[in-house]
Amino acid sequence: MIERGSGIAVWRQIEGALAEDIANGAMPTGERIPTELQLAERFAVNRHTIRRAVSALVERGLLRVEQGRGTFVQENAIDYAISKRTRFSLNMARQNLRSDIELMASDTVPANAELAELLSVTPGSELYRIKTVSRVDGRIVDTATLFFPAARFPGLPAVYAELHSVTRTLAHFGVADYTRRFTKVSARLPDAETVDYLHLPKNRPVLHVKSLNVDAEGVPVQYGVTRFNGDLVQLVMEEEGE
């Protein structure tokens, strides 16, 4: 039911209603959705409003447009394996999915007490902070904030900007291998930046993943917070032998 004057844009309410239809199977994966005219009649709005809601769902990766055929419900959430060695590009490659990472911003920040303890540095030490957005087959699936000790990796942002990979960047600095010390997963509402990067409504929970990577000697090399679009990604915990 659309509530006008509720403070939430009508097209956003329609977006939410259609997303719920997709989630509960009322609009099955792989099937074409009703036409703009049919949806406009259902919600008693004009076609422009429907078009905006549908475009938002396409941006979120819940729908796909096939030129000349119509708009269809996107199939299958992407499996994202969490293991001792978690690598984004390998995760996607083994599913035959095309992936890329876009560098959104980088800067330096002083280590607060929490980050200093996590990365085994002195509070106030300089850290590099890198913000990224990841896409899989053109769909935005996550945004991440990564922290690295600046003293150990001088000039790291420039290297990352060229390589677009944590693994290749750390290898550039002599870290041939690294493993995951911990992964902590929770669900929470997105902050304003996450809403902007993932193109999600602010009331849509995301998978909030904190992780710490260490080198072969157990020294922390990178701490990250990744926000996954839960509509597109399911996390799979995998065991991995030594």
Side-chain angles (χ1 to χ4, degrees), residues 19 21-25 27-33 56-67 69-104 130-146 160 162-171 175-187 190 194 197-200 204-213 221-242:
D21 285 349
I22 293 169
N24 64 27
M27 292 170 54
T29 58
E31 290 197 6
R32 187 167 61 184
I33 69 170
L57 291 168
V58 171
E59 278 288 322
R60 288 169 58 181
L62 297 183
L63 300 176
R64 71 176 191 278
V65 177
E66 295 188 11
Q67 296 300 324
R69 294 193 64 218
T71 304
F72 295 78
V73 179
Q74 186 64 261
E75 299 92 337
N76 300 329
I78 298 163
D79 287 341
Y80 192 95
I82 303 292
S83 63
K84 183 178 179 181
R85 289 176 175 82
T86 298
R87 308 289 190 263
F88 172 72
S89 58
L90 291 179
N91 257 336
M92 298 305 104
R94 69 182 184 178
Q95 298 177 68
N96 295 314
L97 298 172
R98 176 176 52 85
S99 64
D100 64 89
I101 299 175
E102 180 180 358
L103 175 62
M104 305 301 290
I130 289 177
K131 297 181 180 182
T132 67
V133 163
S134 299
R135 292 180 176 83
V136 176
D137 284 349
R139 296 181 288 172
I140 298 174
V141 297
D142 73 61
T143 178
T145 304
L146 312 176
Y160 186 91
E162 179 181 352
L163 299 177
H164 291 263
S165 162
V166 170
T167 300
R168 292 194 294 270
T169 296
L170 291 177
V175 180
D177 189 25
Y178 62 93
T179 55
R180 185 67 59 90
R181 176 172 288 177
F182 69 72
T183 301
K184 299 178 180 180
V185 182
S186 60
T194 301
Y197 283 168
L198 295 185
H199 306 299
L200 289 175
R204 190 76 172 182
V206 296
L207 298 174
H208 194 271
V209 180
K210 297 180 178 181
S211 60
L212 181 68
N213 288 316
V221 292
Q222 179 252 320
Y223 172 72
V225 179
T226 305
R227 282 79 64 188
F228 288 95
N229 182 340
D231 292 329
L232 301 181
V233 175
Q234 58 184 2
L235 302 180
V236 180
M237 304 301 172
E238 292 188 346
E239 292 185 3
E240 182 176 327
E242 294 294 334

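Quick caveat, the model's predicted, so the values are computed rather than measured. Side chains are part of it too, since the values below use all heavy atoms of this structure and drop only hydrogens, waters and symmetry mates.
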Donor-acceptor under 3.5 Å ([X] side chain, [Y] main chain):
{"X": "Q95", "Y": "D79", "answer": "yes"}
{"X": "H208", "Y": "S186", "answer": "no"}
{"X": "D137", "Y": "R98", "answer": "yes"}
{"X": "R32", "Y": "R69", "answer": "yes"}

Could you walk me through whether Y80 and T86 satisfy the side chain to side chain donor-acceptor pair (under 3.5 Å) test, starting with their C-alpha distance in whole Å, then the side-chain angles of each, then the deciding distance to 0.1 Å, before giving a yes or no?
CA-CA 9 Å; Y80 192 95; T86 298; over 6 Å; no
Measure across [X] and [Y] and return the closest heavy-atom pair with its distance rounded to 0.1 Å.
{"X": "R94", "Y": "A81", "result": "NH2-CB, 3.0 Å"}
{"X": "P190", "Y": "V206", "result": "CB-CG1, 4.1 Å"}
{"X": "S89", "Y": "S99", "result": "CA-OG, 4.1 Å"}
{"X": "S165", "Y": "R168", "result": "OG-N, 3.1 Å"}
{"X": "S134", "Y": "I101", "result": "OG-CG1, 3.7 Å"}

Could you go through V185 and M237, starting from their C-alpha distance and side-chain angles, then the distance that decides it, and tell me whether this counts as side-chain contact (heavy atoms from CB on, under 4.5 Å)?
CA-CA 11 Å; V185 182; M237 304 301 172; 3.8 Å; yes
Does any part of the side chain of [Y], heavy atoms only, come nearer than 4.5 Å to the side chain of [X], both counted from C-beta?
{"X": "V209", "Y": "F228", "result": "yes"}
{"X": "Q74", "Y": "L62", "result": "no"}
{"X": "H199", "Y": "N229", "result": "no"}
{"X": "T167", "Y": "F88", "result": "no"}
{"X": "Y160", "Y": "V166", "result": "yes"}

Sequence neighbours excluded, which residues qualify as salt bridge (Lys or Arg N to Asp or Glu O under 4.0 Å) partners of D21?
R42
Is it possible for you to check whether R181 lies under 6.0 Å from the centre of the six-membered ring of Y223, through NZ or CZ, and within 45° of that ring's axis?
no
Is there a side chain to side chain donor-acceptor pair (under 3.5 Å) between R227 and T145? Walk through the geometry before answering.
CA-CA 9 Å; R227 282 79 64 188; T145 304; 3.3 Å; yes
Rounded distance (nearest 0.5 Å) linking atom [atom1] of [X] with atom [atom2] of [Y]:
{"X": "T71", "Y": "L63", "atom1": "OG1", "atom2": "CG", "answer": "6.5 Å"}
{"X": "T226", "Y": "I82", "atom1": "OG1", "atom2": "CD1", "answer": "8.0 Å"}
{"X": "D142", "Y": "R135", "atom1": "CG", "atom2": "CZ", "answer": "10.5 Å"}
{"X": "L207", "Y": "L232", "atom1": "CG", "atom2": "CG", "answer": "10.5 Å"}
{"X": "L212", "Y": "T179", "atom1": "CG", "atom2": "OG1", "answer": "9.5 Å"}
{"X": "I78", "Y": "M92", "atom1": "CD1", "atom2": "CE", "answer": "6.0 Å"}

So does Q234 have more than 12 non-hydrogen atoms from other groups sitting under 6.0 Å from CD?
yes
